[in-house]
Amino acid sequence: MRLILLGPPGAGKGTQAKLLVDKYNIPQLSTGDMLRGAVAAQTEVGKKAKAVMDAGKLVSDEIVNAIVSERLDGKDCANGFILDGFPRTLQQADSLAVMLKEKGIELDRVVELEVDDEALVERVSGRFTCGSCGEGYHDKFKQPEQKDICDRCGKSDFKRRPDDNAETMRTRLLTYYKETSPLLGYYYAKGELTAVNGMGDIDEIATEIQNVLNELTS
Ligand code: AP5
Ligand code: MG
């Protein structure tokens, strides 16, 4: 399964990607997670990316394209992958098309998660993540079964993202509408886009996505 999850900040790309990882045993390629990893490790890329990410703007196409191209060559991508947060500009989409062609890979589907702006702000402002295994949570919508303990790995090392604040979220949304939403037309025109209503609860949306993917294999 080779999939792109497309949608605004807080739409649930990471949440749904993790469910698909478990189901299909293929990796989630989140450029946001990769860049946050680079920031934490204080690599050259991380140093360049930090201020841009904290401001809610986009890291350069050149940097992100190179990270993804290298990642797609990983052995764990041989049976598929879920791209989460990439591509995010038309330039990145064009670069991805070239990369896939060169690597002899065909994309199965681009799934768009459609979510109202107010819900996005609510989702982002309540988000926290396990710093050990990356499992995502929400103050209201997805709490750990035992308070302060990760359901997945049992650790108590929760983190909040520095860009999950009201001001940066406004910029992230603007950036999405300006830079990323043109990709909807791009993939629609290529006949690769399916929109899924992202306003239900997490399990309902997972079922909707599963229905889309089942149709591809039937
Ligand atoms: P990135 O990490 O990709 O952030 P984003 O696109 O802003 O998306 P989010 O991760 O905030 O949201 P999500 O859709 O994954 O939602 P989640 O599942 O967590 O990028 C961060 C930054 O890195 C960018 O701003 C940019 O600077 C840089 N960057 C990354 N990729 C780049 C690229 N390609 N080019 C250039 N720069 C790049 O869900 C959110 C919350 O809601 C969670 O708490 C979750 O539990 C909850 N939730 C999920 N689904 C539901 C539901 N159905 N109902 C209720 N709550 C829900
Ligand atoms: Mg995410």
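Along the sequence shown, residues carry numbers from 1. All ligand and atom numbering here is 1-based and tracks the order in the structure.
Taking the side chain as every heavy atom from C-beta outward, L100 and L72 approach each other to under 4.5 Å.
Of all protein heavy atoms, the one closest to atom 37 (N) of ligand 1 is V59 N, 3.1 Å. Here the heavy atom of the protein found nearest to atom 6 (O) of ligand 1 is R88 NH2, 2.6 Å. I202 CG1, 3.6 Å is the protein heavy atom nearest to atom 50 (N) of ligand 1. With respect to atom 4 (O) of ligand 1, the closest heavy atom belonging to the protein is R161 NH2, 3.1 Å. Nearest protein neighbour of atom 48 (N) of ligand 1, counting heavy atoms only, is R123 CD, 4.0 Å. In terms of protein heavy-atom proximity, atom 16 (O) of ligand 1 is nearest to G12 N, 3.2 Å. For atom 47 (C) of ligand 1, the closest heavy atom belonging to the protein is H138 CD2, 4.0 Å. Nearest protein heavy-atom contact of atom 13 (P) of ligand 1 is K13 N, 3.6 Å.
Interface atoms of ligand 1 facing L35, defined by a heavy-atom separation under 4.0 Å, are 28 (C), 29 (N), 30 (C), 38 (C). Near M53, meaning under 4.0 Å from any of its heavy atoms, are these atoms of ligand 1: 22 (C), 23 (O), 27 (O), 28 (C). Atoms of ligand 1 lying under 4.0 Å from any heavy atom of G14, numbered from 1 in the order shown and given with element: 13 (P), 15 (O), 18 (O). Close approach of ligand 1 to G200 (heavy-atom distance below 4.0 Å) involves ligand atoms 52 (C), 53 (N), 54 (N). Proximity to Q92 (heavy-atom distance under 4.0 Å) selects the following atoms of ligand 1: 33 (C), 34 (N), 35 (N), 36 (C). Near I205, meaning under 4.0 Å from any of its heavy atoms, are these atoms of ligand 1: 53 (N). Contact atoms of ligand 1 toward K57: 25 (O), 26 (C), 27 (O) (distance under 4.0 Å to a heavy atom of the residue). Close approach of ligand 1 to D201 (heavy-atom distance below 4.0 Å) involves ligand atoms 53 (N).
Look at M199 and you'll find every heavy atom at least 4.0 Å from all atoms of ligand 1.
Below 3.5 Å of separation, one finds an N or O of G10 facing an N or O of ligand 1. Looking at ligand 1, you'll find an N or O of Y137 within less than 3.5 Å of one of its N or O atoms. Remark: ligand 1 and R127 share an N or O pair separated by less than 3.5 Å (distance only, no angle test). The shortest N or O to N or O distance between R172 and ligand 1 is under 3.5 Å. Some N or O of T15 is nearer than 3.5 Å to an N or O of ligand 1, by distance alone. Residue contacts with ligand 1: F141 is placed with no nitrogen or oxygen under 3.5 Å of a nitrogen or oxygen of the ligand (distance criterion only). Below 3.5 Å of separation, one finds an N or O of T31 facing an N or O of ligand 1. Between R36 and ligand 1, at least one N/O pair is under 3.5 Å apart. Here's the thing with F86: none of its N/O atoms is less than 3.5 angstrom from an N/O atom of ligand 1. In terms of polar-atom proximity, defined here as any N/O pair under 3.5 Å, A11 does make such a contact with ligand 1.
Scanning both residues, L96 and P87, for their nearest heavy atoms gives CD2-CD, 3.9 Å. Across all their heavy atoms, L6 and K13 have their closest contact at C-CD, 4.2 Å. Scanning both residues, A206 and L19, for their nearest heavy atoms gives CB-CD1, 3.9 Å.
Side-chain heavy atoms closer than 4.5 Å link hydrophobic residues (I, L, V, M, F, W, Y) into clusters, and following such links, even through other members, never connects L213 to Y187.
No donor-acceptor contact under 3.5 angstrom links the side chains of K142 and T15, judged on distance only. No side-chain N or O of N197 forms a donor-acceptor pair with one of E114 less than 3.5 Å apart. At a cut-off of 3.5 Å, with distance as the only test, no side-chain donor of Y24 or N79 sits close to an acceptor on the other residue. Under 3.5 Å, the side chains of D163 and T168 contain no donor-acceptor pair of N or O atoms. Under the 3.5 Å distance criterion, with hydrogens and angles disregarded, a donor-acceptor pair is assigned to the side chains of Q91 and N65. Using modelled atom types, one finds no donor on one side chain facing an acceptor on the other under 3.5 Å when comparing Y176 with D117.
Neither the backbone nor the side chain of D61 comes within 4.0 Å of ligand 1, counting heavy atoms alone.
The one candidate from R127, K147, R160 that meets the salt bridge (charged side-chain N to carboxylate O under 4.0 Å, His left out) condition with D139 is R160.
Ion pair K47/E44 flagged as a salt bridge, since at least one NZ, NE, NH1 or NH2 atom sits closer than 4.0 Å to an Asp/Glu carboxylate oxygen. Ion pairing of D54 with R161 is absent here, as no side-chain N (NZ or NE/NH1/NH2) approaches a carboxylate O to less than 4.0 Å. Checked for salt-bridge contact, D22 and R152 meet the test: a charged N lies under 4.0 Å from a carboxylate O.
The aromatic rings of F128 and Y137 sit parallel, their planes meeting at an angle under 30°, below the 60° perpendicular limit.
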Apply the test side-chain hydrogen bond (donor to acceptor under 3.5 Å, both in side chains) to residues S156 and D148: give CA-CA distance (whole Å), side-chain angles for both, the deciding distance (0.1 Å), then the verdict. CA-CA 6 Å; S156 304; D148 297 333; over 6 Å; no

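Proximity annotation for atom 34 (N) of ligand 1: of A51, G85, A55, G85 comes nearest, heavy atoms only.
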